[in-house]
Amino acid sequence: MARAIMSDIKRDHIHKLLSKGKRVDGRTWDEFRQVSIERRFVESAEGSARVMLGDTDVLVGVKIETGTPFSDTPDRGVLSTNAELIPLASPNFESGPPDEDSIELARVVDRGIRESEMIDLTALCIAPGEEVWLCFVDMYVLDYDGNLFDAAFLGAVAALKSAMVPAAMNGKGEDFPLPIRNTPISCTAVQIENSILFDPTLDEEKVAAARLTVTTDENGDIRAMQKGLEGSLTLEQAKRIIETSQRLGRDLRKLIG
Amino acid sequence: MARAIMSDIKRDHIHKLLSKGKRVDGRTWDEFRQVSIERRFVESAEGSARVMLGDTDVLVGVKIETGTPFSDTPDRGVLSTNAELIPLASPNFESGPPDEDSIELARVVDRGIRESEMIDLTALCIAPGEEVWLCFVDMYVLDYDGNLFDAAFLGAVAALKSAMVPAAMNGKGEDFPLPIRNTPISCTAVQIENSILFDPTLDEEKVAAARLTVTTDENGDIRAMQKGLEGSLTLEQAKRIIETSQRLGRDLRKLIG
Amino acid sequence: MARAIMSDIKRDHIHKLLSKGKRVDGRTWDEFRQVSIERRFVESAEGSARVMLGDTDVLVGVKIETGTPFSDTPDRGVLSTNAELIPLASPNFESGPPDEDSIELARVVDRGIRESEMIDLTALCIAPGEEVWLCFVDMYVLDYDGNLFDAAFLGAVAALKSAMVPAAMNGKGEDFPLPIRNTPISCTAVQIENSILFDPTLDEEKVAAARLTVTTDENGDIRAMQKGLEGSLTLEQAKRIIETSQRLGRDLRKLIG
Amino acid sequence: MEGKMIDENGLRVDGRKVDELRQIKIEAGVLKRADGSAYVEWGKNKVLAAVYGPRECHPRHLQDPSKALVQCKYNMIAFSVSDRKRPGPDRRSVEISKIISEALEYVVFTEYFPRTSVDVYIEILQANAGTRCAGLTAASVALADAGIPMKDMIPSVAVGKIDGQIVLDLCKEEDNYGQADMPIAIIPRTGEILLMQMDGHMTTDEFNRAMEYGFGACEKIYQLQKDALKRRYAVEDVEGLEEDVPREQQELEG
Amino acid sequence: MEGKMIDENGLRVDGRKVDELRQIKIEAGVLKRADGSAYVEWGKNKVLAAVYGPRECHPRHLQDPSKALVQCKYNMIAFSVSDRKRPGPDRRSVEISKIISEALEYVVFTEYFPRTSVDVYIEILQANAGTRCAGLTAASVALADAGIPMKDMIPSVAVGKIDGQIVLDLCKEEDNYGQADMPIAIIPRTGEILLMQMDGHMTTDEFNRAMEYGFGACEKIYQLQKDALKRRYAVEDVEGLEEDVPREQQELEG
Amino acid sequence: MEGKMIDENGLRVDGRKVDELRQIKIEAGVLKRADGSAYVEWGKNKVLAAVYGPRECHPRHLQDPSKALVQCKYNMIAFSVSDRKRPGPDRRSVEISKIISEALEYVVFTEYFPRTSVDVYIEILQANAGTRCAGLTAASVALADAGIPMKDMIPSVAVGKIDGQIVLDLCKEEDNYGQADMPIAIIPRTGEILLMQMDGHMTTDEFNRAMEYGFGACEKIYQLQKDALKRRYAVEDVEGLEEDVPREQQELEG
């Protein structure tokens with residue numbers, strides 16, 4: 001996706017405020033927007049959550065089916081993560097197969113979940129090498145006002161934590177919750193003229209030079225990172241983002257419960 | 001497909017005649033063009049028919065193979081209907097995967113056949129849940145002069161009625177005709193400045209506001225309908241089209257035999 | 001692919017030399033460029049060869065896996081040939097699925113290998129109707145300076161002759177070389193203003209009227225031919241190309257060993 | 001299942017009468033980025049519609065120099081149905097997108113905006129029979145919310161047949177065992193039919209009854225559409241100043 | 001099957017001699033919408049060809065400012081072969097389309113129509129070996145029927161080898177057990193070869209014999225092509241007035 | 001595999017120390033057709049990079065009137081890995097192409113060439129862990145070889161964790177059992193980080209150690225990049241006259 005264009009006036013406005021240490025919406029540099037999470041929004045999904053991060057609105061659903069495992073992990077369930085930047089959510093999103101932006105989003109969320117070992121995939125094996133539970137996480141952006149990474153990640157984690165494995169319907173005993181071992185949280189910051197801003201709005205993203213997403217686990221350890229955009233970060237900036245993510249992650253984790 | 005453009009002169013000509021209750025080719029409002037049906041045109045198909053409706057020319061073939069049933073209908077054969085608006089047939093048809101016009105055509109024909117229960121799909125089961133007969137109806141438009149819906153439907157019905165299930169070749173006993181229970185007929189009319197015209201030519205379609213296809217069974221009951229185009233129909237117009245379709249359907253059914 | 005455009009000056013230069021019986025790089029009409037073959041260039045392939053024909057550079061790899069045979073040849077292994085004209089190799093190659101040029105290239109190479117019965121596919125059957133060896137030949141053009149057909153064919157033949165069937169890894173006994181019965185060679189010539197030139201460079205291809213590729217076996221018999229481009233050949237020209245290909249094939253075969 | 005879907009009191013599996021609609025909730029202006037939007041809950045259906053435009057038409061060869069194109073994309077999200085649906089359009093959604101586009105094109109004053117496109121996106125978040133009608137109903141409200149000049153809004157509803165009886169607005173459980181399904185969309189003021197499909201088995205009398213039910217229901221749905229818009233405007237009046245800020249910001253973006 | 005395909009009298013499975021063509025029927029001007037068309041029955045092959053153009057070339061970046069493009073699409077319909085073929089181009093049809101396009105480009109005076117495209121569509125309705133030759137033969141007639149200025153028509157035929165013998169125009173049964181197949185297309189007047197492919201096993205002598213058979217057969221096919229055009233024009237003379245009406249109507253459409 | 005990847009002497013499966021790079025060989029200017037190119041052997045990785053441009057940007061709607069686009073395509077060839085990879089981009093290569101494009105865009109003076117595209121192709125001929133870093137390292141050299149004005153070259157390397165220890169430049173065998181992998185790319189002169197990804201499990205201390213190793217290694221790789229370019233120019237000086245001939249020919253092609 002070509003990055004959306006922004007008027008010079010607006011750009012100058014953001015820069016001018018930043019030079020005074022301020023953000024357009026009055027937040028501090030390390031402050032997230034209002035977060036709301038509505039679990040089980042969609043009944044047809046085994047788990048779901050709708051997350052609002054300010055005006056960014058993401059709906060995540062989890063579908064769980066039986067299927068065959070990958071041949072190199074015969075005793076583990078399968079996690080599959082997909083993101084859809086549907087054109088309903090932004091004038092800059094287009095119809096069609098996932099583009100590089102939705103692929104990056106899906107893969108960054110996927111790595112955060114997978115590398116934190118959030119789900120005990122071994123508990124999703126039914127018959128080794130033959131039948132396992134397949135777990136599809138589909139993330140739909142409904143309204144786009146910046147920081148999709150964190151909104152989608154919160155939605156995915158909340159949806160997974162709300163999900164029941166439909167064992168009864170499949171003749172596999174009683175339904176049970178997805179086996180969750182960890183609650184990872186991702187925090188994303190951007191660098192704009194050497195200022196660091198967490199949870200950027202769309203306008204802030206448009207003027208940002210570099211982006212860093214840091215996913216941490218309950219111990220505060222790093223489980224995944226992704227630097228993005230065409231600009232650079234210094235090592236000090238990276239370290240500051242990591243430390244702040246560890247701190248902010250603790251607060252966000254409480255919201256997920 | 002963007003609808004083909006037509007010159008104002010020609011459009012005016014059609015409108016002027018219509019205001020006098022006449023059509024360009026001299027037919028009455030409820031009169032079909034000359035219909036010709038050539039069965040078994042293609043030997044490599046299990047059934048086939050080439051239908052000319054005036055200058056509209058459609059070739060339909062039926063291929064029948066063994067395969068697995070859908071999991072929710074383990075004891076029924078499978079019917080699959082596809083339409084190809086190949087660029088040979090019109091300067092406005094383009095190469096490539098089925099567009100919305102060919103998909104609509106295929107689905108309307110499919111519903112007419114399926115909802116009238118024309119084929120006894122239960123008689124196409126070989127081994128429940130394991131092996132059934134798959135029945136592919138492929139409709140190719142060879143020359144396009146309007147009213148593809150009825151030409152394709154006539155072709156599909158004639159081709160299905162001519163089809164033999166290739167049991168011997170598949171080691172399943174003797175060949176037998178496809179089990180047919182009903183002969184549905186579709187009739188299509190367009191509304192042009194509140195006139196109703198059946199079996200529209202391409203020129204009539206170009207100036208039409210709305211289109212209605214009504215598929216009826218041997219009792220005259222309605223089995224499928226599809227309203228199309230960007231214009232409207234009154235309830236009275238709809239009723240008149242339905243009643244006329246029931247009447248015309250009886251005549252067309254005789255051609256199929 | 002639209003054929004690349006060439007300046008009139010350069011075109012005239014080639015034509016002028018040709019009228020004196022000369023080629024731009026000083027070769028005779030039936031002389032190949034320097035050929036170099038580097039076998040086993042890629043360790044991750046079961047067989048591979050990198051072929052330089054002058055500045056044309058083609059890398060061919062052979063992957064061998066177990067799989068199911070085609071239903072009409074239950075006791076034979078499967079050969080699958082694919083060519084990729086990757087955009088790294090030429091400003092005129094584009095990303096995306098194989099276009100008509102790469103499909104023609106792959107199919108001409110495939111026919112030469114298949115029709116010469118180079119590989120004993122019956123020796124690649126593991127369990128008739130159930131499991132056979134699948135042999136994928138992938139040809140990547142790395143630098144394009146004309147005559148891809150012969151460079152790719154040489155690469156494919158050399159790669160196949162270097163390939164080991166990975167039986168041990170698949171629990172099917174000891175590894176063994178691909179069963180080779182024949183060493184076919186293809187020779188390609190172009191016609192430019194009624195001159196015949198073998199192994200054309202890219203510049204020569206750009207001004208060529210017609211192209212003929214002749215694949216011969218160890219007896220000098222013809223196993224495959226493909227005429228290309230929008231121009232014509234006389235019967236005499238065709239015969240001369242065939243005879244010369246038989247002769248040149250003997251020399252090239254020695255390089256393959 | 002014959003005879004089981006309507007009980008001795010004439011009530012259906014969810015307690016409704018034969019000519020009774022499911023509960024319908026319509027909300028206009030629910031999205032920030034879209035030029036217009038609406039959310040519809042219709043029984044267990046959850047549907048979101050958004051409108052962008054009139055805006056430049058892509059691809060350009062589709063541009064019509066005499067009018068705007070109305071291009072609707074109807075889509076079911078992956079987890080809106082019991083078996084996960086692979087993302088991307090299937091043949092069913094292509095057909096539905098086409099007939100909804102045609103219906104909407106009739107009411108939009110397309111000649112006001114030549115060469116442009118009015119893009120309508122319908123996302124089915126949760127599906128429970130009747131999604132195309134809920135989607136078209138939502139799309140009309142979203143168009144109005146976007147301020148697109150139009151003749152009128154289009155309410156839509158399906159009429160079906162179960163246990164040999166004509167029945168309004170089938171829910172999923174009924175639809176699974178239904179004998180006919182007929183989605184329609186009309187302009188209540190003029191009685192014009194803009195969308196009509198049918199599959200199943202109906203006599204002429206049954207068709208007439210079905211149209212009676214359908215026309216009556218569309219009147220009610222139309223009222224709900226208008227109410228949603230009124231509530232939206234009322235809110236705007238109250239919160240006018242606050243709401244204006246983001247609007248101005250959007251203009252700055254050019 | 002060695003030795004079974006040609007009997008003691010030198011006759012083939014369908015009774016033909018080794019250098020005998022199957023029955024060929026060519027009809028020009030068989031479609032109404034196309035600018036030119038032809039239908040060919042060749043043994044059990046049934047082939048339809050249509051020509052549109054010269055017309056605007058799409059996509060535009062393919063336009064050649066110095067000449068027209070000749071773009072042929074060869075296609076087998078789904079039920080033209082014993083196992084249903086999935087619609088859409090496969091690798092075989094892409095290759096055949098390319099070599100037929102190249103052959104046709106040679107005879108069309110493309111420099112008369114810069115920036116345009118001459119689109120040729122070949123549909124194989126029923127396939128029985130030799131479809132590319134039948135298709136190219138039909139396409140030539142369709143181009144002439146469309147009034148496209150061209151050097152000459154191109155007849156095409158395949159020569160094969162069965163039971164160790166060179167044999168003209170293999171039918172499907174022969175092709176299944178054939179030892180070689182060589183489709184060619186030539187201009188009989190000049191002897192120029194425009195299409196030539198071969199796969200199988202031939203000695204140089206066999207190749208020479210095959211070319212003899214092929215050149216001879218192309219002369220005959222060329223005559224059939226000319227006859228088809230003559231019949232077409234003869235019909236037009238008689239029915240001239242009637243035929244003119246739709247032509248005028250087409251012009252009215254702009 | 002815990003505890004088996006590093007032996008009692010602190011040596012790894014291939015005998016390297018924890019902060020030791022694999023053998024790296026860089027060659028510039030290895031392809032004739034490309035405007036710039038480089039070949040990198042990095043342990044058992046074999047990587048080719050080519051640059052075309054600045055040239056007209058396709059599709060045109062992507063053109064930026066203020067600068068050039070840097071469009072990188074990273075691709076693994078079918079037989080570069082142990083299981084054959086189907087040709088064509090997969091999700092992994094789309095993501096890698098994106099982040100490499102972003103890194104390269106930072107160093108190219110894109111504002112010098114508005115509306116154009118600088119196309120970078122990275123082909124992984126043989127893969128053995130760390131291919132994106134080897135690819136980006138090669139791409140920088142290819143850009144320089146193409147004479148594209150740029151701020152600096154970008155060396156890249158991955159740092160990982162095995163047996164609980166931070167380790168530089170994992171090979172495939174280590175990667176299969178690794179506990180973390182962190183590819184980075186920096187500008188050594190300024191210390192700016194242009195690419196950074198991580199997956200696995202690292203404490204903050206481990207991250208700091210990893211960055212130390214990574215920054216140190218990038219210095220060395222940067223030196224190899226510069227050496228490769230120097231060798232390339234040195235060769236050009238000697239063989240200058242010969243080399244000039246094909247260059248002139250290329251110009252003639254327009």
Side-chain angles (χ1 to χ4, degrees), chain B residues 1-3 5 71-72 80-83 94 97-108 110-117 182 184 191 194 209-217 219-239 241-243 245-246, chain D residues 61-67 69-73 83 89-99 101-108 110 151 154 161 176 179-187 190-208 210-212 214-215:
Chain B
M1 179 181 64
R3 282 218 268 163
I5 288 158
S71 58
D72 54 345
S80 170
T81 311
N82 180 56
E94 285 172 19
D99 66 358
E100 57 176 30
D101 288 302
S102 48
I103 288 173
E104 186 187 24
L105 174 58
R107 286 177 61 84
V108 169
D110 185 88
R111 282 200 290 269
I113 293 167
R114 197 179 296 278
E115 299 299 336
S116 66
E117 298 166 274
N182 199 338
Q191 182 259 101
N194 287 314
R211 187 190 68 229
L212 183 61
T213 299
V214 179
T215 306
T216 52
D217 64 17
N219 296 323
D221 291 349
I222 313 165
R223 296 298 194 138
M225 289 195 293
Q226 179 88 343
K227 186 258 167 191
L229 304 187
E230 300 87 358
S232 68
L233 291 173
T234 63
L235 184 51
E236 286 60 44
Q237 288 169 340
K239 286 181 181 174
I241 293 171
I242 291 170
E243 281 156 25
S245 295
Q246 290 165 328
Chain D
H61 69 88
L62 289 183
Q63 287 185 4
D64 187 325
S66 67
K67 63 185 181 67
L69 284 187
V70 178
Q71 302 194 97
C72 176
K73 289 241 164 68
D83 288 335
D90 55 12
R91 293 165 66 92
R92 176 181 169 275
S93 63
V94 169
E95 185 195 354
I96 293 176
S97 297
K98 179 178 196 283
I99 57 171
S101 297
E102 289 171 343
L104 293 174
E105 178 139 354
Y106 185 68
V107 293
V108 170
T110 54
K151 290 181 202 161
I154 311 172
K161 181 177 166 188
N176 289 347
Q179 296 149 334
D181 190 32
M182 182 171 74
I184 64 167
I186 66 166
I187 300 181
T190 61
E192 289 171 295
I193 303 166
L194 295 183
L195 181 148
M196 183 166 80
Q197 297 182 291
M198 200 282 275
D199 61 72
H201 191 164
M202 273 190 189
T203 63
T204 312
D205 286 349
E206 287 169 341
F207 168 76
N208 292 339
M211 290 307 267
E212 247 173 69
F215 272 59

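In what follows, chains are A, B, ... by sequence order, proteins preceding strands, each numbered from 1.
- The distance from atom CD of D/Gln197 to atom OG1 of B/Thr213, rounded to the nearest 0.5 Å, is 11.0 Å.
- Using a 4.5 Å heavy-atom threshold, the side chains of D/Thr204 and B/Gln246 count as touching.
- Between B/Arg223 and D/His201, the closest side-chain pair of non-hydrogen atoms falls below 4.5 Å.
- Taking 4.5 Å as the limit, some side-chain heavy atom of D/Arg92 sits within range of a side-chain heavy atom of B/Arg107.
- Between atom CG of residue B/Leu235 and atom CZ of residue D/Phe207 there is a gap of 6.0 Å, rounded to the nearest 0.5 Å.
- Among residues two or more places apart in sequence or in another chain, the side-chain hydrogen bond (donor to acceptor under 3.5 Å, both in side chains) test is passed with D/Lys98 by B/Glu104, D/Glu102.
- The distance from the OG1 atom of B/Thr81 to the CZ atom of D/Arg91 is 8.5 Å, given to the nearest 0.5 Å.
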Worksheet item: Can D/Glu95 and B/Gln226 be said to form a side-chain contact (heavy atoms from CB on, under 4.5 Å), step by step?
Response: CA-CA 11 Å; D/Glu95 185 195 354; B/Gln226 179 88 343; 2.9 Å; yes
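- Put simply, CE on D/Met196 and NZ on B/Lys227 are 9.0 Å apart, with the number rounded to the nearest 0.5 Å.
- Interface remark: B/Asp110 contributes no atoms to any contact with chain D (heavy atom separation under 4.5 Å).
- Once rounded to the nearest 0.5 Å, the distance linking CD1 of B/Ile103 with CD1 of D/Ile96 reads 12.0 Å.
- Shortest non-hydrogen contact noted between D/Leu194 and B/Gly231 is CD2-O, 3.9 Å.
- Within the model, atoms CE of D/Met198 and CD1 of B/Ile242 stand 8.0 Å from one another, a figure rounded to the nearest 0.5 Å.
- Applying the salt bridge (Lys or Arg N to Asp or Glu O under 4.0 Å) test to residues at least two apart or on different chains, the pairs with a partner in residues 190-206 of chain D are D/Lys161-D/Glu206.
- When heavy atoms are compared at a cutoff of 4.5 Å, B/Asn219 does not approach chain D at all.
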